[in-house]
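The structure appears below as structure tokens.
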Amino acid sequence: MRIAVISGDGIGKDVTVEAVKVLKAVGERFGRAFDLEHLPWSADYFLQTGITIPPNGYDTLREFDAIFIGALGDPRVPDNRHARDILLGTRFELDLFVNYRPVKLLHERLCPLKGRGPADVNFSVFRENTEGLYVGIGGRFKPGTEDEIAIQEEVNTWKGVHRIVRHAFEFAASRGLTKVCMADKSNAMTHGHALWQRVFRELAPLYPGIEATHYYIDALAMYMVLDPAQFQVIVTNNLFGDIITDLGATFQGGLGMAASGNIHPGRTSMFEPVHGSAPKFAGRNLANPIGAIGSAALMLDTLGLTAEAAAVDAAILATVEAGKGTPDIGGTLGTREAGDDIADKVLKF
Ligand code: NAD
Ligand code: IPM
Ligand code: MN
């Protein structure tokens with residue numbers, strides 16, 4: 001397996017070291033070699049070279065079996081240009097239309113919702129990942145004046161909506177799940193989100209064993225907090241999916257706990273924690289590596305290494321159940337020590 005590793009910026013670097021540590025433990029435990037190639041693309045690299053991603057960058061990435069990313073974002077690059085090219089650019093260019101973000105609570109003490117435990121918080125969000133408001137179509141007219149007009153277009157295509165909604169249903173069907181909820185804002189966004197309504201209504205009858213429900217996104221946010229147990233699979237657009245998965249991360253114990261995959265089934269896909277580069281925490285042995293390590297487990301699972309992925313997930317769970325971890329989840333370990341603990345458990349699994 002050839003894996004491209006982009007540590008990126010801030011705590012992205014800290015947590016990637018730990019994810020790599022755990023991948024090496026998996027390699028040792030299961031007797032398989034991972035060929036990890038580190039790519040330097042980051043804010044540092046951009047500031048030194050003026051290059052965000054080299055001209056052949058996306059082709060380079062396509063040659064790997066998978067891509068692992070820490071996080072991108074640095075106050076020295078205020079327009080976030082490098083993150084747009086590296087992170088969003090890869091999602092677009094490699095057509096990674098599925099942003100798979102499981103929301104799974106590992107222990108009751110980590111959940112800020114009163115009285116909720118692992119049985120109540122266990123669902124998957126499928127965020128459309130290649131269109132919506134992220135396409136960067138628009139512009140500013142008379143910028144910096146009181147006459148300024150700023151336009152940012154939201155793109156919804158039948159192909160784009162259909163493939164992510166279908167993926168959500170297929171995921172549910174393949175796991176024996178019985179509920180898929182689609183969230184949009186079709187009451188206000190009467191053109192773009194009417195397409196989501198149409199596609200959802202057309203696909204739902206093809207899955208008679210699955211209860212298809214719809215919430216407007218504002219109500220969905222409310223129900224996520226009030227009654228998270230009702231959800232098994234949520235499918236939504238790019239921006240709404242971004243927002244509700246930070247909310248979902250808090251149910252799991254915070255942004256440091258949440259994992260994600262940017263996936264095009266059957267093609268080179270990219271895995272990254274949900275959190276960003278948290279510059280204040282960078283290089284201080286404070287960042288929680290579990291979101292990154294969980295993302296590595298998602299990567300292994302997507303690559304078909306099911307037993308290996310299960311070993312990593314079991315190791316994470318054992319560490320959390322033992323009350324160990326970084327301060328954000330109430331532990332006393334540093335980033336490195338938390339990574340060591342999980343890697344040791346993988347070796348003994
Ligand atoms: P952030 O996720 O970096 O951090 C927000 C807060 O969440 C932090 O201050 C911290 O309190 C907590 N947190 C996040 N990750 C943690 C971890 N692993 N362990 C412990 N606590 C953690 O979000 P932000 O502050 O809005 O963004 C910072 C930068 O990261 C920005 O440049 C943003 O654009 C970028 N960003 C990148 C990605 C990505 O690369 N996938 C994702 C989100 C944000
Ligand atoms: C995420 C991040 C990115 C996004 C940013 C860094 C552009 O917040 O992966 O959730 O909005 O997709
Ligand atoms: Mn986000």
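Counting starts at 1 for both ligands and their atoms, following the listed order. Predicted model only: the values in this text are computed from it and were never measured.
Residue Val274 has no N or O atom closer than 3.5 Å to an N or O atom of ligand 1. For the pair Leu72 and ligand 1, the shortest N or O to N or O distance falls below 3.5 Å. At a 3.5 angstrom cut-off on N or O pairs, Gly276 counts as close to ligand 1. Considering backbone and side-chain N/O atoms, Lys280 never comes within less than 3.5 Å of an N/O atom of ligand 1.
Here is the list of ligand 2 atoms found below 4.0 Å of a heavy atom in Arg101: 1 (C), 9 (O), 10 (O). Ligand-side atoms of ligand 2 in range of Arg127: 1 (C), 4 (C), 10 (O), 11 (O), 12 (O), range being under 4.0 angstrom from any heavy atom.
The N, O or S atom of Asp242 with the smallest distance to the Mn ion (ligand 3) is OD1.
Here Lys185 pairs with Asp218 in a salt bridge; the nearest charged N to carboxylate O distance falls below 4.0 Å.
For atom 26 (O) of ligand 1, the nearest protein heavy atom lies 4.0 Å away or farther. Proximity of atom 12 (C) of ligand 1 to the protein is not indicated, since no non-hydrogen protein atom lies closer than 4.0 angstrom.
At the top of the distance list for atom 34 (O) of ligand 1, counting protein heavy atoms only, stands Asn80 ND2, 3.4 Å. The nearest protein atom to atom 10 (C) of ligand 1, hydrogens excluded, is given as Phe281 CZ, 3.9 Å; this is a heavy-atom distance.
A distance below 6.0 Å separates the ring centres of His193 and Phe240. Tyr134 and Phe92 have their aromatic ring centers separated by at least 6.0 angstrom.
The residue among Asp9, Leu255, Ile11 with a heavy atom at the shortest distance from atom 5 (C) of ligand 1 is Leu255.
Backbone or side-chain N, O or S atoms of Asp246 do not reach the Mn ion (ligand 3) at under 2.8 Å.
Using a 4.0 Å cutoff on heavy atoms, Ala287 counts as a contact of ligand 1.
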